[in-house]
Amino acid sequence: MKNTILKSVLVSLMFLCIMTSYAQSQPVSNSFDVIIKKNGDIVYGLVTEVDLQYVKYKRTDIPDGPIYTMPRTDVYAISYRNQVKDILAPTDSSLFKRSVSPPPAAVSVDTARVDTVSKEGQKESPDKKVDKFFARENFSQPEIHFHLGFIRGFTKVSNISQYTSALRFPGIGFSYDAQFKENFRLGVTFGVAGFRFTQNEYDSYDSLQIDRKLNETLLLLNVYAKRRFGTGRAKPYILVGIGINGSFLKSESILAVDNNNDRMLQVRSNSRAFSLGIQARIGVDYEAQPGLMVFGDIGAGLTILQFGIGYKL
């Protein structure tokens with residue numbers, strides 16, 4: 001293959017010499033350019049431009065016609081009509097590549113500052129925000145509290161005004177909280193209390209004596225925020241919380257006809273109910289000795305009035 005192409009190029013060069021001699025004997029106005037391709041083909045035309053990628057020419061039979069292009073890499077040599085011969089050398093392909101700027105000089109960067117800026121610009125996920133809120137460094141000085149409560153704070157018994165109520169056992173509560181940053185304490189509290197309700201009713205129309213007994217057990221589970229004031233041993237505080245109130249009710253009704261025990265009907269039932277509860281209290285903590293305090297408060301919650309002791313862990 002290479003020998004065939006070489007022979008074609010040699011024949012084309014010989015023809016080029018003959019045509020050059022012929023062109024020298026002709027008037028310049030009738031001359032033309034000869035383009036010799038690497039595959040041995042010869043193209044006659046009027047070369048208008050040779051750039052790094054293409055050879056542009058017009059055909060001799062239509063000199064006023066369109067301009068044709070030929071890849072420069074396909075052309076071996078050009079013999080111009082002014083007797084100048086041009087052997088086209090291979091072009092440097094790097095000239096057609098996009099220029100690449102040299103890398104900039106090394107610049108010292110404060111990596112700590114860049115890391116800080118990147119963290120500030122980065123949006124935190126909800127899980128990271130929760131973890132950040134409950135980080136150990138945000139909480140300090142944990143305390144536990146035990147308290148007894150009196151006077152019912154809420155009930156799920158309907159028509160409560162028709163019953164006589166009594167304390168079955170005082171409200172018993174436990175809470176745990178810790179200092180959050182500087183001004184507030186955050187905590188959780190759990191409490192239980194029991195109350196008894198009685199009602200005696202006589203239906204003269206049916207001659208029925210109705211005796212009702214209700215035993216209600218109240219539960220409370222709250223999370224709260226507490227704000228203390230002052231720096232002395234006695235510190236007033238306000239407490240606001242939200243949580244779940246539960247009521248477990250056992251009822252017993254006895255229906256007797258004319259107080260005749262032989263004609264008596266006993267009905268028992270159980271029910272329970274849960275609701276969202278709000279806790280709001282004001283009180284005073286008194287530090288009896290280092291690490292030990294007593295307190296009392298009043299307000300909405302499991303019981304209206306409560307007293308207790310607290311201990312710093």
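Considering CG of L218 and CG of N245, their distance stands at 8.0 Å, rounded to 0.5 Å. Note that OH of Y57 and CD of E49 are 14.5 Å apart. Values are rounded to the nearest 0.5 Å. Here the straight-line distance linking atom CD1 of I210 with atom CG of L265 works out to 10.5 Å at 0.5 Å rounding. Atom CZ of R212 is separated from atom OG1 of T164 by 13.0 Å, given to the nearest 0.5 angstrom. Atom CD of Q306 and atom CD1 of I304 lie 11.5 Å apart (nearest 0.5 Å). A distance of 10.0 Å separates CD of E201 from OG of S253, quoted to the nearest 0.5 Å.
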**Request:** Tell me, with the steps shown, if D74 and N39 meet side chain to side chain contact (heavy atoms under 4.5 Å, CB included).
**Result:** CA-CA 8 Å; D74 294 346; N39 61 2; over 6 Å; no
**Asked** Passes side chain to side chain contact (heavy atoms under 4.5 Å, CB included), L88 versus Y76? Steps please.
**Response** CA-CA 6 Å; L88 301 187; Y76 177 75; over 6 Å; no
**Message:** Between L186 and V223, does the side chain to side chain contact (heavy atoms under 4.5 Å, CB included) criterion hold? Intermediate values first, please.
**Reply:** CA-CA 8 Å; L186 300 182; V223 292; over 6 Å; no
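Between S271 and K156 the shortest side-chain heavy-atom distance does not fall below 4.5 Å. Residues N200 and Q209 form a side-chain contact, since some pair of their non-hydrogen atoms from C-beta on lies under 4.5 Å apart. You'll find the side chain of R196 stays beyond 4.5 Å of the side chain of K213, heavy atoms only.
Ring geometry for F295 versus H147: interplanar angle over 60°, hence perpendicular rather than tilted (30 to 60°). Under the 30°/60° scheme for interplanar angles, the aromatic rings of F248 and F274 are found to stand perpendicular.
Although no hydrogens or angles enter the test, the distance criterion places no donor-acceptor pair under 3.5 Å between the side chain of S247 and the main chain of T155. In this structure a side-chain-to-backbone donor-acceptor pair under 3.5 Å is missing from R268 to E252. Here the side chain of N222 pairs no donor or acceptor atom with the backbone of G241 at under 3.5 angstrom.
Remark: R227 is positioned above the aromatic ring of F229, its terminal NZ or CZ atom under 6.0 angstrom from the ring centre and at most 45 degrees off the axis.
The two residues G243 and L276 make their nearest non-hydrogen contact at O-CD1, 3.2 Å. Nearest heavy-atom pair across L167 and G194 is CD1-O, 3.7 Å. In terms of heavy atoms, R81 sits closest to V47 at NH1-N, 4.3 Å.
Comment: E143 engages R228 in a salt bridge, judged by a side-chain N to carboxylate O separation of less than 4.0 angstrom. With salt bridges taken as basic N to acidic carboxylate O contacts below 4.0 Å, none links R152 and E216. Classification of D297 and K226 as a salt-bridged pair fails, no side-chain N sitting under 4.0 Å from a carboxylate O.
Taking the ring centroids of F146 and F307, they lie at or beyond the 6.0 Å cut-off.
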